[in-house]
Each structure stands twice: as C-alpha cells, then as structure tokens.
Amino acid sequence: MASLPTPPLAPAARPRRWLAIAMAGAFTATLLGGLIGAIWNARREGGWQAAHPMSQETGTASGASSGDGWRGLATRTREAAATLDACTAERSPLATTVRQPLQAWLASWARQGSAQVVVGRDRWLFFRPAVDHLVGPPFLAPPFLAAREGGDRHRDPRPAILDLAAYLKGRGIALVVVPVPVKAAIEPEHLSHGAADEVLPLANPSLAALQHELEGAGVLVFDPSPILTGIKRRTGKPAYLAADTHWRPEAAAEVAQALAAFLRESVPMDVAPDPG
Amino acid sequence: MTFTSPTFLLAFLPLAVLLHWMAPARLRNGALAVLSLVFLAWAGPIFLPPLLAVALVDWGCGRIITAPGPRGLVTLEPGGPRTRRQWLAFATSLTVNLGLLAGFKLLPAVLAGVGNLLGPDRGLASGWQVAVPLGLSFYTFQSLSHTIDVFRGHTPACRRFVDYLTYLAAFPRLLAGPIVRFHQIAERLSARRFELESFARGCLLFSLGLGKKVLLANPLGEAAGSAFAAGSLSAPDAWFGLLAYAFQIYLDFSGYTDMALGLGLMLGLELPPNFDGPYRSASVTEFWRRWHITLSFWLRDYVFLPVAYSSGRRLARLGASPRREEMMSYTAASMTTMLLCGLWHGATWGFVIWGGLHGVWLVGERLVMRKSWYRKAPRPLLQAVTFLTVTVAWVFFRTPTVGAAGHYLAALLGLGGPGPAASLLGGLLYTPFHLLALAVTAALVWLAPASWRLASTLTPARVGVAVATLWLALALLSVQSHTGFLYAVF
C-alpha cells in the first residue's frame, strides 16, 4: 500500500470545442427535458398528487401520525421525496415512451422480470417471493427465524397456528391447514432447465417439519401437492396457468373434490359448532 | 436521494448545477454547501447534526492548532514543538470524530454482543438501534485528515467555515467518497470557474458511471443476491453467484465514484480517482493500490506508516537485525491496518475476517516476493491467483454471519449438499440478461481502460458511447426498481 501516486485527472489533451458542446448539450438536454416533460405530464393529469395516486394514500395515512417537531419534519421530508421520486420516474417522457416496449423486450428476450416477477422459460411468469421461499433456507431454521425476528414477514408461523387451533378446538371447531404449494414447486421445468427431471413436488426443507409438527399437535393438514403433481403426470398438462399464480380450472376442481372428501372423512360435520 | 434516483437525475442535479454556477463567485462555496445540506436532509434531517458538529468542531480545532500570523493562517513547522493548547485542540478533534464513529458503528455491535451473553431479556442492548448517519465514515475520515495534516504541519488550516463545510459535505462525494485531503482541493475551493471542457468531461464520466451501476451492477447484484440467499446450492451456482458479486461490488462502487468525479468536474472540483483496474492486479499488495485508492492512501498515511515507524523504532531499541525489524514492523503495520480497514466497513466478524485475510496475504506476499520462482511467474498467472484470492475473500464481506460464510465456502467446494429445490436456482441465475451483463463486465474489467482515463480526452466515439449509455441507463431505470449503492451504507 505504499508507493503508487494518486493518478491525475487532468485532461490529456485539449478537447475539440464542438465535442464538448455536443456532450454537455446532450447531457443537459436529456435531464432537463426529462424534468420539463415530467412536470408537463403531471400538470396535464392534475398535479403531482393526482399523477401519483399512491402518494395521496401515503400522505393521508402518515399525515395523521407524523405530528410536529423533528419527527414530523422527517416524515414529511420522506413523503415529499417519495412522491417526487415516483412522479419523476413515472412521468418523464423517456419513461412514458420506452417503458412498455422495453419491458416487453426485457421479459421476452432477456428473461428479466421485476422485483415481484421472475420470467421463466417459454414466457412463464413466477411470483419472486414464492420462488425465493422455495430456494431459500429452511424457514424454521433458528438463524433464519432470528434474522427475521424484528420484521413483520417470515415470523415463526407455528405459535399463531397452534394458538388458533386451540381456540377453535375450545369451540368445537377443527382447524384444517392447507399449505398451498407455490407455482415453482409444481412447475419447476418452466423456470429452470435443470429442474425438469426433479422429483415433484419441490418444497422448502422446513415444510415437511411444519406439517409433521402440526399433525403431532392434533391439527389437520391437507396437502394438495400430490394431487397437483398427479394431474400433471396423468394429463401431461400443467396444473398452473402460465402467466399468473392460479391453478387451471380442472386442477382447482380436482383439488376441491379431494378436499371435500378429506373433510368428510376427517371432520365430524353432524354437530353444529358453538357460535360463541 | 441517491445518484440514480429520478429526483436526483431529473431535478436536483440540473437545478443544483445551474444554481451553483449562477451564484456570484464569492458565494459559490456557500451555494454548494447549502445544496449539499439539502441533499443530505432529503434522506432525513436527522443526518444533519452529526455532520455540522464534525464540521464545526474540526474547523475550530484547525484554527486553534494553526496560530494566525500576520498573513493569516500559516502552516506549522513539521516536527516542531506544539503548545498545550494545540495538543488539546488536536485531542478534541480526534475524540469527537473517533467517538462518533465508535458510537454509531461499534457500540451497537458491542451492546448486541453483551445482550446475547445476557440472554433473551437484553434490556439496553436490544433498545440501542440507531441509524448510522449517511456518509459518516467518509466525512469523519476526511475531517480527521485535515486535523492531523494541520497538526503535523503539512497544510494550513481552512480559513472560512463555509469552505470547510463545502470540503466536508460537497454532495458529489458526501455519501461514499472519494476521501479527499484538504491540500488536494484547497486551491480549487477558493477559485472555481466554469470551464466547458471540464463540464463536458464531467458529463461523460457521470454517464459512464450511471451505465456501470444501472446496466451492469444492478443485474449482477440480482444474480448475486439470489445465490447468497439460497438455502443450498451447487458448486457451479455458488461460483457464478460469487463472480457476479465480485463484479457487482466493483462496478457499483466504481460507478458511484465515476459519477462523483463527474459531478465534481461539472462543479469545478477535481476529485481524485478511487479505482484503477483493481482486478488486473498481480498481487494483493497491488490490488490495494488500485482498489478504493483514497481509503488505501488514508490508511497508509495515518495508520500503516505510524505503526510501522513506531514498531520499527521499538524493535531497533531491542537490538533486532534490520531484516527482522523490517519484516516485523511490516507485519504489525499491515495486520493493524487491514483489521481496522475491515472494522471501518462494519463491526461484524465477517468484516474483521475479511480484513485479517487481506493482512495475512499482504504479509505473505512480502515473504515470497523475494523468491526467484515468484519473480519468474508469468503476470497472467499471478493476476488469476490474485483475482481468485480477492474474490474468495468477498464471501466474508457479503454474507451476514461467519456461519453463512462457512456455508457458502462449503458450497464453493461442492460440499453444500444441494437439496432438490437448489436446481431451481439456475432459472434465477443464468438468464440471458445476467449472462450478457457478466460478459460485458468481464470485458470492461480486463480489457477496457478506467473510466476516468477515458474521460481525460473527449473523442467522437467516447461522446457517442457516453450519450448512448446515458439514454440506455435512464430507459432501464424507468423499468427497474430503485436500488441504492453498496458503499453508501458504510
């Protein structure tokens, strides 16, 4: 770490003036054009707040709680920043012109989705958090639960389920848990070529432990995964729709019939539950 | 508001540059200081007090240390005697800066550690969760360098508070550097005038930096994020994810630096470059001369050299041979410097191990560099070994815990025992977009000159590439969710 001098940033040669004008002009025109266009578009739609409905919602929601003083100022600053950010992003001429064709190109040729969507093979779409859950660490592993301790999502689901089951049981109601498999668990070959020959259904490593634990505690669990994979194998057709996370109608009907049979078999239906 | 947010690009940047140059010359630093405070306050007004406190204390201490002479503030005599008052001002500045760094960056980790030992009812430890002020590590280091240089007699103290605030808080370099020494920028601060060529070079450099971040670092970061978040993964997937991260962190940080340098040029400030093709280094020693250059030089001047000199003197007094004295003082200085470098990034064991590994390699290289087989080894081979070494160390930098780092290292060696769902990871990693980004990045990393070298001369081709990159990056920003810079959190 001892001897290299800091390199100079001085120009190596005096540039041609027209090149400097071209570079500075293109840069300035692009940014200023974006700003003026965003203002123009927003005005046409009735102002910043109208152009960005979400900012209206957040403004109302936090306006009540932001209060005065330092914290209120901080909250209002954040809201103003978020509104301005969203409006400039959504209303600039470049964004309004290229967003749709670029998104279409990125999805079809580059398989690039978004924060919510993973683009699979053959134009199949997957919900990113669901895929992350499937390939992620076991959701009941202590380090995973500890890392999520402070957050609202991915908390340990067991206490709440067992608590609800006990509460319902006290009123003579049986709780039936149906862990709905994520799309990639049943249709992995449409996401990854390497997953074509896998044994289906795929699952997060903690899912089996959760089911086992719930059943051990007397909670009824109905797992539709084998039915969905069975439909695929039998018919050769997918169980899920390609572009969203719903089941195909025939798959939904078959799971419903199986669930009805499970309920008839496992849950006593002749006694009306205590309305409380 | 970061450099890639729409508000910054379309509103703050054009208006700030315009307002700055419209201000009369004597008010220009004031305008830049106010704009910089607005830039920081945009993230949260809460971040202003620490910055203003550091600026006020260190500017005042600098004034006290430098006794005003008939021609204003003078540079002290290097190595000369210092009064008690000067020592006191020097100690105050050091205490405030290091106290802020320790309070915000180390104390939460220490309290959390204590809390873990105490058990579930952690009391104070669990309640100590504060946001680290944005840019804290960068502006305290910069301010410390001013105080130390003034005290050592290397530079005169800054005369006007507004100039000092501009030096410390100028928004182009506020969040993640580069770390500028006062003497590097003092002359420019006092006399800035608009030069079309500099402005155009700044636009070019900013555009290239934006392209690095949006077109390359972001998609690579997405791939790296998928790999590092996976519960289990195969060796090829682990290596792909690690390579993507190695490229992401370089492009993210060097892209940010290019944008900072470009903004500096637009505002008449020439900031020092921070990267010079680091992955082409043939040794870890060389890597640290090319990676985060301004931090390396800061650590060299204020940690490495003082530790090396003091330990060398001590060993000489104990009668050690010159060779032994040199090696031992180099070892002590390298290990201290690199462990501190790791801690500077955050108070986690992962960062400490990362710094420690680099320290060990620096010492190891010092030992083998004299060997004939090392000197005869072809440079491409040494480059490959260095790249591999540095890349593997990134595992400790990227993973949240040492346990997770061990898990990832096992996957790199094929010991991860990937489960059935691991095969899905390929669908997230090997998309055409990620592969294209990786290929372009590899070409940039090993074949293209550094961006700041490209910006030293305007040619039609470079201007064309820069404008196309700017348009493409802005277009992609309109369909991407916004992601911040990796180094903005340090």
Side-chain angles (χ1 to χ4, degrees), chain A residues 1-2 4 6-7 9 11-13 15 19-24 26-28 30-32 34-35 38 70 73-74 77 81 84-85 88-89 92 94-95 98-99 102-103 106 109-112 114-115 118 120 131-132 134-138 143 184 188 191-195 198-199 202 204-205, chain B residues 1 5-7 9-11 13-14 41-42 44-46 196-197 199-201 203-204 207 229-231 261 270 272-273 276 285 288-289 293 296-297 299-300 304 400-401 403 419-428 431-433 452 456-458 460 463 466-467 470-471 474-475 478-479 481:
Chain A
M1 235 188 317
L4 194 81
T6 306
L9 199 63
L19 267 178
I21 292 170
M23 182 68 240
F27 186 84
T28 314
T30 302
L31 299 193
L32 278 178
L35 176 64
W70 197 250
L73 179 65
T77 308
L84 190 58
D85 241 5
T88 43
S92 78
L94 190 66
V98 304
R99 183 183 292 127
L102 184 62
Q103 236 161 7
L106 283 171
W109 296 102
R111 276 185 57 196
Q112 180 69 4
S114 68
V118 176
V131 179
D132 290 344
L134 203 57
V135 299
L191 176 58
S192 173
H193 187 69
E198 293 296 339
V199 179
L202 300 177
N204 182 284
Chain B
M1 183 162 50
S5 71
T7 305
L9 289 167
L10 301 185
L13 166 57
W42 201 263
I46 194 80
L196 179 64
E197 288 80 8
F199 185 83
R201 285 168 49 222
C203 296
L204 185 138
S207 304
L261 264 57
E270 285 198 0
D276 191 15
T285 313
W288 280 104
R289 290 176 193 154
I293 296 169
S296 293
F297 275 55
L299 290 169
R300 179 199 68 180
F304 179 87
T401 61
S423 56
L424 277 181
L425 201 57
L428 301 177
T431 67
F433 196 52
W452 55 267
S456 64
T457 312
L458 295 178
V463 168
V467 173
L470 174 70
W471 288 347
L474 288 175
S478 73
V479 298
S481 52

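In what follows, chains carry the letters A, B, and so on, assigned in the order in which the sequence lines appear, proteins first and then strands, with residues in each chain numbered from 1. On a predicted model such as this, the values are computed, not experimentally measured, just so you know.
- Annotation: maximal heavy-atom pairing with chain A below 4.5 Å, among Leu424(B), Leu9(B), Val463(B), occurs at Leu424(B).
- Heavy atoms of Ala422(B) lying under 4.5 Å from chain A are absent altogether.
- At a threshold of 4.5 Å between non-hydrogen side-chain atoms, the residues Phe27(A) and Ser207(B) count as touching.
- Contacts of Leu106(A) with chain B are made by side-chain atoms alone, with heavy-atom separations under 4.5 Å and no backbone atom involved.
- Contact detail for Ala475(B) and Leu102(A): the closest heavy-atom pair is O-CD2, 3.3 Å.
- Of the residues considered (Pro400(B), Ala200(B), Ala466(B)), Ala200(B) shows the highest number of contacts with chain A, using heavy-atom pairs under 4.5 Å.
- Ranked by heavy-atom pairs under 4.5 Å with chain B, the first of Val135(A), Val98(A), Leu134(A) is Val135(A).
- Across all their heavy atoms, Ala24(A) and Cys203(B) have their closest contact at CA-SG, 4.1 Å.
- When all heavy atoms of Leu35(A) and Leu10(B) are compared, the pair lying nearest together is CB-O, 2.9 Å.
- In this structure, the separation between CG on Leu19(A) and CZ on Arg201(B) is 13.5 Å, given to the nearest 0.5 Å.
- Interface check for chain A: of the options Thr401(B), Leu474(B), Leu425(B), the most heavy-atom pairs under 4.5 Å are formed by Leu474(B).
- Nearest heavy-atom pair, Pro137(A) versus Ala229(B), reported as atom, atom and distance to 0.1 Å: CD-O, 3.3 Å.
- Contact of Leu470(B) with chain A is made through the side chain alone, with heavy-atom distances under 4.5 Å.
- Ranked by heavy-atom pairs under 4.5 Å with chain B, the list Arg99(A), Met23(A), Gln103(A) is led by Met23(A).
- Going from atom CG of Leu13(B) over to atom CG of Leu32(A) covers 9.0 Å, rounded to the nearest 0.5 Å.
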